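Just so we're clear, the structure is a prediction, and the values are computed from it rather than from any experiment.
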Amino acid sequence: MSEKLRVGILGGTGMVGQRFISLLENHPWFEVTTIAASPRSAGKTYEEAVGDRWKMTTPMPEAVKKIVVMNVNEVEEVASKVDFVFSAVDMSKDEIKAIEEAYAKTETPVVSNNSAHRWTPDVPMIIPEINDDHVEVIASQKKRLGTTRGFIAVKPNCSIQSYTPVLTAWKEFEPYEVVATTYQAISGAGKTFKDWPEMIENVIPYIGGEEEKSEKEPLRIWGKVEDGVIVPATEPKITCQCIRIPVLNGHTAAVFVKFRKKATKEQLIEKLLAFKGAPQELNLPSAPKQFIQYMQEDNRPQVTLDVDYENGMGISIGRIREDSIYDWKFVGLSHNTVRGAAGGAVLCAELLKAKGYITAK
């Protein structure tokens, strides 16, 4: 491909915006040409606007340092400079809904990291390996918005990534009841230990809104497109607890599952290792080659050793074992700001480009 698509990052100065900028450095298909943020950052160079708040472990890419940040609210002006945008704005849910639709109506595709549109019936919420067929609903959304190329697609909550792909891989055994507890990193709240010293050596047993998302969003991902909307699945029933722990990156899940059909441990592992989807078949640039790895050691997966598996885009599973009340239990680990946030959105955009939904203006 000779010309890269021009990308705008909405909310580019925050933690997820910074992660987008890091992941898109030297991307073969996409180039960050425009960064938009709040009015207080507008008019400054990106380097000035971020100042000492750069939260990534890698340095700020040279290519973005001198980009002058635009006002995210100047929708027409920002949209005129890009082929599509990633949205990571920090606003109220209603404001996010309004601004993402405004960008879509300028004929600019929006790939969002935000939760505001996850339950808009004609907006696909995509884990590309699982429900790439949900992009079909975009045609109905365009009719509603009155657009020809503008639309919104979203990625799901970061906390579901470490168990939803697993349950999908085991679909033929018919999981029908799931208990999950997620142990979530502080970067999921956009924080580092420097910003949030009270999290050091601490556990907080509550993350606002997270349990509802963790229980309901997988059902929408497993749903079907019917009459121009996504109808969620009804099973498996999921109940979840979400706990904040003193880890920077990486969400761990402890999960218990009941199945209608019997499976052996060997069959469960075999299904995980064989599981792949559109990103692997299309060889998308950010796709993990091996989406799910199974770790045989009793003490894995571990955040410090395994969170960056497949550049943070893979899922690590361990400790599959029979349970005395449920059928099987396991532990999962995913990188919450890579696979669970910006990286998942980049993979979603790659899928949409490969399928012809995102093109040059």
Side-chain angles (χ1 to χ4, degrees), residues 4-21 23-24 27 29-43 46 49 64 67-126 134-135 137-156 341-342 344-353 355-361:
K4 292 187 182 184
L5 294 176
R6 300 167 302 155
V7 179
I9 311 287
L10 311 181
T13 57
M15 185 182 260
V16 176
Q18 291 178 24
R19 179 68 76 185
F20 273 120
I21 281 163
L23 291 174
L24 292 168
H27 192 282
W29 295 359
F30 306 146
E31 182 179 357
V32 177
T33 59
T34 303
I35 301 170
S38 64
R40 69 177 176 275
S41 295
Y46 185 65
V64 300
I67 291 177
V68 176
V69 177
M70 298 181 73
N71 181 345
V72 74
N73 300 311
E74 292 175 357
V75 175
E76 295 280 348
E77 194 177 340
V78 174
S80 70
K81 300 184 184 314
V82 298
D83 295 312
F84 76 100
V85 295
F86 287 111
S87 175
V89 289
D90 183 12
M91 298 174 172
S92 74
K93 200 162 272 198
D94 287 343
E95 289 171 324
I96 293 169
K97 275 187 171 176
I99 202 163
E100 289 182 352
E101 284 207 357
Y103 274 93
K105 284 176 178 173
T106 66
E107 301 295 358
T108 305
V110 178
V111 180
S112 179
N113 185 70
N114 295 303
S115 65
H117 276 291
R118 284 186 198 151
W119 288 91
T120 304
D122 58 11
V123 170
M125 176 170 69
I126 299 171
H134 282 196
V135 299
V137 83
I138 288 170
S140 304
Q141 186 194 143
K142 285 177 177 174
K143 276 189 199 151
R144 174 174 64 84
L145 296 175
T147 59
T148 55
R149 75 186 292 284
F151 64 88
I152 302 160
V154 299
K155 54 141 286 295
V346 171
L347 188 62
C348 183
E350 292 169 0
L351 177 76
L352 290 161
K353 182 205 169 294
K355 286 180 176 271
Y357 287 89
I358 292 178
T359 55
K361 276 185 181 171

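Residues Val32 and Ile67 come closest through the heavy atom pair O-CD1, 3.8 Å. Nearest heavy atoms, Ile99 versus Val89: CG2-CG2, 4.4 Å. The two residues Ala341 and Asn113 come nearest to each other via the heavy atoms CA-OD1, 3.1 Å. For Tyr103 against Val78, the heavy-atom pair with the smallest separation is OH-CB, 3.5 Å. The minimum heavy-atom distance linking Leu5 with Ala360 is given by the pair CD2-N, 3.4 Å. Pro124 and His134 make their closest contact through CB-O, 3.5 Å (heavy atoms, listed as atom of the first residue, atom of the second, distance).
Remark: Ile126 CD1 to Cys348 SG distance equals 4.0 Å, nearest 0.5 Å. Between the CD1 atom of Ile152 and the CE atom of Met125 there is a distance of 14.5 Å, given to the nearest 0.5 Å. Interatomic distance, Leu347 CG to Leu352 CG, rounded to the nearest 0.5 Å: 10.0 Å. Atom OG1 of Thr148 and atom CD of Glu107 lie 3.5 Å apart (nearest 0.5 Å). Atoms CD1 and CD, from Ile35 and Gln18 in turn, are 10.0 Å apart once rounded to the nearest 0.5 Å.
A donor-acceptor pair under 3.5 Å is absent between the side-chain atoms of Glu31 and the main chain of Arg6, judged by distance alone. Under a 3.5 Å cut-off, the side chain of Arg149 and the backbone N or O of Ile358 do not form any donor-acceptor pair. Panel note: side chain Lys142, backbone Thr147; no donor-acceptor pair is recorded below 3.5 Å. A donor-acceptor pair is defined here as one N or O able to donate and one able to accept, closer than 3.5 Å; no such pair exists between the side chain of Glu76 and the backbone of Thr106. In this structure, Tyr46 contributes its side chain and Gly12 its backbone to a donor-acceptor pair below 3.5 Å.
A heavy-atom distance below 4.5 Å is not found between the side chains of Val154 and Thr120. The shortest side-chain heavy-atom distance between Met91 and Leu10 does not fall under the 4.5 Å cut-off. Using a 4.5 Å cut-off on side-chain heavy atoms (C-beta onward), Val64 and Ile9 make no contact. With contacts defined as side-chain heavy-atom distances shorter than 4.5 Å, the pair Val346/His27 qualifies.
The side-chain contact (heavy atoms from CB on, under 4.5 Å) test with Lys81 is passed by exactly one of Thr33, Thr108, Thr34: Thr34.
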*How far apart are the C-alpha atoms of Val7 and Phe20, what are their side-chain angles, what is the distance that settles it, and do they pass the side-chain contact (heavy atoms from CB on, under 4.5 Å) test?*
CA-CA 10 Å; Val7 179; Phe20 273 120; over 6 Å; no
*Would Val110 and His117 satisfy side-chain contact (heavy atoms from CB on, under 4.5 Å), going step by step from the backbone distance to the final call?*
CA-CA 11 Å; Val110 178; His117 276 291; over 6 Å; no
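Partners of Ala37 according to the side-chain contact (heavy atoms from CB on, under 4.5 Å) rule, which considers only residues two or more places apart in sequence or in another chain, are Thr13, Ser41, Val69. Remark: Phe84 pairs with Phe30, Phe86 by the ring pair (Phe, Tyr, Trp, His ring centres under 6.0 Å) rule, at least two apart or across chains.
Atom CG of Asn73 sits in a crowded spot, with more than 12 heavy atoms from other residues, nucleotides or ligands closer than 6.0 Å. The local environment of NZ in Lys143 is sparse, with at most 12 non-hydrogen atoms from other residues, nucleotides or ligands closer than 6.0 Å. Arg40 CZ: 12 or fewer foreign heavy atoms inside a 6.0 Å radius.
In this model, no donor atom of one side chain and acceptor atom of the other lie less than 3.5 Å apart for Lys361 and Ser80.
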